[in-house]
Amino acid sequence: MDKTGLWVIAVNLLIYAVYFTGVFLFSEQGIAAAIRSFALRKRLKPESRGFLHEFAPAEYLNKLLFAAFQKEVNGAAFFFGIVMIFFISFVLGMRLFTLPTALLAALMAASLPVMALVVRMENDRTKGSQEGISFVSELYRQYRINNKNIYAAMEATASSPADFPVCKKHLYRLLLHLRSSGNPDEIKEYTDQFSFAMGTVWGHMLAVCIRMAARSGTDISAGLADITEQLKAANARAEERRRMNSESIRMTLFLIPLLYVGTVLLSVFYLDVGPGEYLHNQFGTAEGILFFLFIVFLLLVNLVILRAVSNTRIDY
C-alpha cells in the first residue's frame, strides 16, 4: 500500500474517532442508565455517575486531576482528549515519518500531558508532606477543642492562620464533599481521593481516621497523636535526604534547557546557521521535530524519576 492509501486510512480513522468520542461524551449518562436498568432491573441503586467515569484509566485520571488542580475535572473527557492528541499526532506524523516512527512520536506526544500532571502532583505531594507535622498537630488540637467533632475540627483547621496551604486546600475540598454526602461509599471515595492527593503513608492513615470519625463518630484521638509522633521522627530523616539530592534536581531542571539554548547559540554564531534556517531544520523537518520531542519527553522522564528517587516527603 502506498503513502496515499495510508494517508486516506489515517484520516478516516481520525474522523471516526472524533465522531464516536462525541457520541460517547454526549450519551454516556443514557448508556449508563440503560446498562444499569437492564442488568439490575428493579434493584435500588445510587444515581449513575456515568459509564466512562468507572472506566479504569478515567478513574485514575480523575484522582490525578483532582490531586493536581484541587478541583473536580472530568477524567473521561481528559482521557479522550489524550486519545485525540494521539490520533492527531499520528496522522500528522504519517506525513513526515515511517509508520513505526509516527506511532512512537504519537505515543510520546499523548503522554506529555499526563507526565506534566504527574510532575505537578508530585511537587504538591512533596510540599504537602513537609506541612504534615504542623497540619496534623493543628487538626489534633482542633479535634480536642471541638469535643471530638471531626467536621468542626476540619473546618477550624482549614480556616486557621497556620502555614500549610497545600494541606488546607485538600482538607477544605474533603470537608465540602463530606458535608454534602452521608453515603458511606461516597465518604470512602472522597477520603481515598484525599489519601491519593497526599501520596504518603501518614496521609493514608489520616484519611482512614477521618473516614471512621465521619461514618460513625469514632474517637480518633489516639490515631492522630500517633501520626504526629511518627511525623516528628520522620522529619529528621527527610532533612538528610533533602540535602543530598537537591543538587541533582536543580541540574536537570536548569542545565538541560541551558544546554539546548547553548546549542542554538553555537549553531547561529559559530556554525553560520541563520536563525530562520535553524528554526526550519528544528521544526520544519522530520528529524528536527523527532529530536525535539525526544528532548522534551526525556526531560519530563528525568524529572519524574528524580522526584521518585530523591523523594523528600516526610513519611514513615
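Every value quoted in this text rests on a predicted model; they were computed, and no experiment measured them.
- Taking 4.5 Å as the limit, every side-chain heavy atom of M154 sits out of range of all side-chain heavy atoms of Y143.
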(Q) As a quick check of understanding, evaluate side-chain contact (heavy atoms from CB on, under 4.5 Å) for L112 and M108, giving each step before the final call. (A) CA-CA 6 Å; L112 291 178; M108 287 192 298; 5.7 Å; no
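- A donor-acceptor pair under 3.5 Å is absent between the side-chain atoms of N146 and the main chain of K148, judged by distance alone.
- Between K168 and E131 no salt bridge is recorded (no basic side-chain N to carboxylate O distance below 4.0 Å).
- Counting heavy atoms from C-beta on, the side chains of V273 and V268 never come closer than 4.5 Å.
- In this structure, Y172 places its OH atom where only 12 or fewer heavy-atom neighbours from other residues, nucleotides or ligands lie under 6.0 Å away.
- A salt bridge is defined here as a Lys NZ or Arg NE, NH1 or NH2 lying under 4.0 Å from an Asp or Glu carboxylate O, and D192 with R211 meets this definition.
- The shortest distance between side-chain heavy atoms of F135 and L171 falls below 4.5 Å.
- Below 30°, between 30° and 60°, or above 60°: for F291 and F294 the angle between ring planes is between 30° and 60°, a tilted geometry.
- Counting heavy atoms from C-beta outward, R125 and M198 have side chains that stay 4.5 Å or more apart.
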(Q) Under the criterion side-chain contact (heavy atoms from CB on, under 4.5 Å), I'd like the reasoning laid out for L266 against L271: C-alpha separation, chi angles, the key distance, then a yes or no. (A) CA-CA 7 Å; L266 286 174; L271 300 179; 5.6 Å; no
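- Relative orientation of the H177 and Y190 rings is parallel, given thresholds of 30° and 60° on the angle between their planes.
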